[in-house]
Colleague: 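Pasting a structure here, questions to come.
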Amino acid sequence: MTSLFALVDCNNFYASCERVFQPSLNGQPVVVLSNNDGCVIARSNEAKALGIQMGAPYFEIRDLVEIGDIHAFSSNYTLYGDMSHRVMATLSRFTPNIEVYSIDESFLDLGNFYQKNLVEYCWEIKHTVHQWTGIPVSLGVAPTKALAKVANRLAKKSAKAKGVLVLTDPYHITEALKATSIEDVWGVGRQYAKLLRKHGVNSAYDFTLKSDSWVKKHMAVVGLRLVKELRGESCLELDEIAPPKKGICTSRGFGERLTDYGQIQEATANYAAKCAKKLRKQKSCAKVMTVFIQTNFFSGTDQQYSNSRTITLPVATNSDMELIHYASLVLKSIFKPGYRYKKTGVILTEIVPQHQIQYDLLDNINREKHVSIMETIDKLTSRYGRDIVKVASQGYDHSWQVKCERKSPCYTTRLSEIPTVYNAT
DNA sequence: TCTGGGGTCCTAGGACCC
DNA sequence: TCTGGGGTCCTAGGACCC
């Protein structure tokens with residue numbers, strides 16, 4: 001049987017989410033900003049047309065925002081996550097086999113759909129998603145995932161395709177590959193693009209003409225898989241079930257530079273609690289923790305310092321109290337006074353299923369109690385909102401928190417309420 | 001003044017063992 | 001003091017993704 005994949009991609013996803021709830025912004029330039037309102041991470045077509053680049057620092061366009069020529073939003077991941085679920089649920093109606101690849105993209109297995117009128121089916125998918133969720137999507141269909149990516153990109157670019165492109169016959173596939181420059185190929189980043197250009201590879205088509213041995217030598221097995229996919233040989237399967245994460249990280253820049261240890265400690269405690277929550281969500285515990293701290297690399301005037309330390313925990317855990325405790329200890333050991341800090345983060349690795357923990361004979365923590373406390377906290381927060389209950393060292397001042405001055409309401413989910421502080425001792 | 005955050009996979013090289 | 005080779009495990013770093 002021949003394989004066939006559709007790549008469904010939400011157009012300008014974050015910007016589209018904002019527009020669903022403010023339809024007056026349709027046809028207007030809209031951008032969404034990164035944490036701290038630092039730079040542009042999503043743009044509507046109108047914003048792209050104004051020449052605003054991905055990653056452009058916000059201060060470069062602030063004037064245009066202030067006079068109302070561009071509408072800018074702080075990122076609102078609660079809203080985008082919920083909208084993403086709605087889109088994916090809608091897509092699941094169209095095939096039993098779907099891989100949610102990222103917050104705004106899915107691969108659909110259409111292997112059994114060759115006999116269908118594929119173009120018509122794609123249009124039906126596109127219309128239904130738009131009607132049910134308000135989000136515009138584009139579809140690219142082809143015999144491999146890498147080719148479906150190529151098709152999807154052209155579907156968006158081409159005025160004729162209008163968001164749907166089915167690539168099944170060899171002639172059209174070749175034409176599509178010729179029309180795709182090498183840096184636009186999925187899996188070819190800046191370094192590989194440079195290397196390939198140096199060797200005369202300017203398009204995806206040129207790439208398919210390179211020998212397997214050349215590709216393997218310069219781009220290892222990942223590159224080899226990619227070039228085969230572009231030639232139409234399917235090497236990447238549909239991964240329907242997301243495997244549990246092997247590393248979990250929470251880090252953020254502060255709203256302003258911090259020098260005070262207490263504030264940095266509070267931020268770090270909150271990041272540790274966020275990591276713990278992500279662990280519990282996938283029913284895992286972590287055995288190794290890294291904490292890092294850094295000043296602002298971009299500053300030409302500030303004294304620079306950065307450091308990190310990794311520790312192995314006595315017993316793998318997903319408890320807020322325990323992870324906060326260790327994160328605070330590690331932070332203390334790497335914090336040096338006298339610097340203006342920009343960012344800290346907590347990274348957890350050696351992640352194991354929570355029912356497979358190696359206990360330690362010398363362990364004197366009442367783990368059953370921790371588990372039941374965390375279950376209670378999770379229930380309360382899912383019912384009454386994030387931060388309704390927390391560990392005392394997480395504080396409630398939050399002067400370190402990221403700036404998000406232009407955030408839209410969480411239209412589709414419950415709002416947080418006033419926090420109650422839980423004492424962990 | 002202002003420049004994101006969270007992941008994955010692969011490889012080379014060193015340490016260590018027999 | 002010199003003489004090997006092969007295997008495994010771990011880590012750091014590089015490449016990529018959205």
Side-chain angles (χ1 to χ4, degrees), chain A residues 7-14 31-42 52-63 65-66 72-77 80-81 84 99-107 145-146 149 152-153 182-196 216-226 235-236 239 242-257 271 274-275 278-279 281-282 288 290 292 294-302 308 310 312 340 342-351 402-406:
Chain A
L7 176 65
V8 187
D9 177 308
C10 300
N11 300 342
N12 315 324
F13 183 53
Y14 298 167
V31 300
V32 175
L33 306 171
S34 64
N35 278 327
N36 265 326
D37 296 345
C39 61
V40 173
I41 55 169
I52 297 167
Q53 295 297 309
M54 189 70 170
Y58 177 45
F59 65 83
E60 285 180 9
I61 59 162
R62 181 174 290 147
D63 290 347
V65 173
E66 275 163 11
F73 292 88
S74 303
S75 35
N76 182 345
Y77 292 104
Y80 311 149
S84 173
E99 171 187 343
V100 177
Y101 178 70
S102 73
I103 194 165
D104 67 339
E105 278 176 59
S106 269
F107 286 103
K145 282 180 157 183
K149 277 272 187 183
N152 181 282
R153 189 178 153 278
I182 192 64
E183 35 281 295
D184 293 327
V185 172
W186 185 41
V188 175
R190 272 227 307 278
Q191 301 303 319
Y192 284 147
K194 213 167 108 188
L195 175 97
L196 287 163
K216 173 105 195 269
K217 184 176 161 212
H218 290 93
M219 301 172 70
V221 296
V222 182
L224 188 57
R225 214 159 48 202
L226 174 61
C235 302
L236 300 168
D239 296 319
K245 292 185 184 11
K246 296 171 181 172
I248 283 176
C249 167
T250 305
S251 83
R252 249 173 250 350
F254 308 129
E256 48 196 61
R257 304 294 154 270
Y271 300 164
K274 268 199 174 25
C275 285
K278 293 180 193 174
L279 279 176
K281 193 173 172 202
Q282 65 167 28
V288 169
T290 302
F292 67 86
Q294 51 190 238
T295 50
N296 181 15
F297 296 136
F298 286 104
S299 166
T301 49
D302 283 8
S308 75
T310 300
T312 301
R340 302 176 70 232
K342 160 80 180 178
K343 184 176 186 177
T344 62
V346 177
I347 304 166
L348 302 176
T349 49
E350 306 236 343
I351 289 171
V402 296
K403 271 188 290 189
C404 46
E405 288 159 357
R406 317 191 68 86

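Heavy atoms only: backbone and side chains are in, while hydrogens, waters and symmetry mates are out. As the structure is a prediction and not an experimental result, all values here were calculated from the model.
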Colleague: Could you go step by step and tell me if Val221(A) and Lys216(A) meet the side chain to side chain contact (heavy atoms under 4.5 Å, CB included) rule?
Modeller: CA-CA 6 Å; Val221(A) 296; Lys216(A) 173 105 195 269; 3.6 Å; yes
Colleague: For Cys235(A), is there any backbone N or O sitting under 3.5 Å from a side-chain donor or acceptor partner on Arg225(A)?
Modeller: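 No.
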Colleague: Once you apply a heavy-atom cut-off of 4.0 Å, does Val346(A) come out as touching a base, just sugar-phosphate, or nothing?
Modeller: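 Nothing, no nucleic acid heavy atom in range.
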Colleague: Name the residue closer to the 5' end of DNA chain B, choosing between Gly253(A) and Lys245(A) according to the nucleotide with the nearest heavy atom.
Modeller: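 Between the two, 5'-proximity favours Gly253(A).
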Colleague: Which nucleotide span of DNA chain B, 5' end to 3' end, has atoms closer than 4.0 Å to non-hydrogen atoms of chain A?
Modeller: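 So the outermost contacting nucleotides come out as dC2(B) to dT11(B).
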Colleague: Taking any heavy-atom pair under 4.0 Å as a contact, classify Ile248(A): base, sugar-phosphate, or nothing.
Modeller: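 Touches sugar-phosphate only.
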Colleague: If you look at every strand shown and take non-hydrogen atoms under 4.0 Å, does Lys278(A) touch a base, only sugar-phosphate, or nothing?
Modeller: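 Counting heavy atoms under 4.0 Å across all strands, the contact made by Lys278(A) is with sugar-phosphate only.
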Colleague: If you apply the rule side chain to side chain contact (heavy atoms under 4.5 Å, CB included), what do you find for Leu196(A) with Met219(A), and how did you get there?
Modeller: CA-CA 10 Å; Leu196(A) 287 163; Met219(A) 301 172 70; 4.0 Å; yes
Colleague: Can you measure from CD1 (Ile103(A)) to CZ (Phe13(A)) and round to the nearest 0.5 angstrom?
Modeller: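 With rounding to 0.5 Å, CD1 (Ile103(A)) is 5.5 Å from CZ (Phe13(A)).
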Colleague: Nearest nucleotide by nearest heavy atom, which residue falls closer to the 5' end of DNA chain B, Asp37(A) or Thr250(A)?
Modeller: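 Taking each residue's closest nucleotide, the earlier one in sequence belongs to Asp37(A).
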Colleague: Would you jot down, in residue-number order, the residues of residues 188-196 of chain A having a non-hydrogen atom under 4.0 Å from DNA chain C?
Modeller: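 Heavy-atom contacts with DNA chain C come from Val188(A), Gly189(A), Arg190(A), Gln191(A), Tyr192(A).
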Colleague: Five pairs at each end of the helix from dG5(B)-dC18(C) to dC18(B)-dG5(C): take the axis at both ends and give me the angle between them to 10°.
Modeller: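 About 10°, once rounded to a multiple of 10°.
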Colleague: When rounded to the nearest Å, what value does the distance between P atoms of dC18(C) and dT3(B) take?
Modeller: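 Their P atoms lie roughly 25 Å apart.
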Colleague: Would the distance check show the side chain of Thr344(A) and the main-chain N or O of Phe292(A) forming a donor-acceptor pair, the cut-off being under 3.5 Å?
Modeller: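 Between the backbone of Phe292(A) and the side chain of Thr344(A) there is no qualifying donor-acceptor contact (under 3.5 Å).
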Colleague: Heavy atoms only, 4.0 Å cut-off, all strands: where does Asp104(A) land among base, sugar-phosphate and nothing?
Modeller: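 It contacts sugar-phosphate atoms only.
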Colleague: Could you check whether Arg62(A) gets within reach of a base, just the sugar-phosphate, or nothing at all, counting any heavy atom under 4.0 Å?
Modeller: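 Base contact - Arg62(A) has a heavy atom under 4.0 Å of at least one base atom.
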Colleague: Establish, from distance only, whether the side-chain atoms of Lys278(A) and Thr250(A) form a donor-acceptor pair under 3.5 Å.
Modeller: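 Thr250(A) and Lys278(A) do have a side-chain donor-acceptor pair below 3.5 Å.
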Colleague: For the atom pair CG (Leu236(A)) and CG (Leu226(A)), what is the distance rounded to the nearest 0.5 Å?
Modeller: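 Between Leu236(A) CG and Leu226(A) CG, I get 8.0 Å after rounding to 0.5 Å.
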Colleague: Report the relative orientation of the aromatic rings in Tyr80(A) and Tyr14(A); use parallel for angles under 30°, tilted for 30 to 60°, perpendicular for over 60°.
Modeller: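 Taking Tyr14(A) first and then Tyr80(A), their aromatic rings lie parallel (interplane angle under 30°).
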Colleague: Select base, sugar-phosphate, or nothing to describe what Glu105(A) touches, counting heavy atoms under 4.0 Å on all strands.
Modeller: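 Answer is sugar-phosphate: Glu105(A) comes under 4.0 Å of backbone atoms only.
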Colleague: Decide side chain to side chain contact (heavy atoms under 4.5 Å, CB included) for Tyr101(A) and Asp9(A); before the verdict, give the C-alpha distance in whole Å, the side-chain angles of both, and the deciding distance to 0.1 Å.
Modeller: CA-CA 10 Å; Tyr101(A) 178 70; Asp9(A) 177 308; over 6 Å; no
Colleague: Decide yes or no for Lys145(A) and Trp186(A): does some side-chain heavy atom of the first lie under 4.5 Å from some side-chain heavy atom of the second?
Modeller: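 Yes, at least one pair of side-chain atoms sits under 4.5 Å.
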Colleague: Treating Asp104(A) as the side-chain partner and Asn11(A) as the backbone partner, does any N or O pair qualify as donor plus acceptor under 3.5 Å?
Modeller: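 Absent.
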Colleague: At under 4.0 Å between heavy atoms, what does Val221(A) touch on the DNA or RNA strands: base, sugar-phosphate, or nothing?
Modeller: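 Since only primed, P, OP1 and OP2 atoms lie under 4.0 Å of Val221(A), the category is sugar-phosphate.
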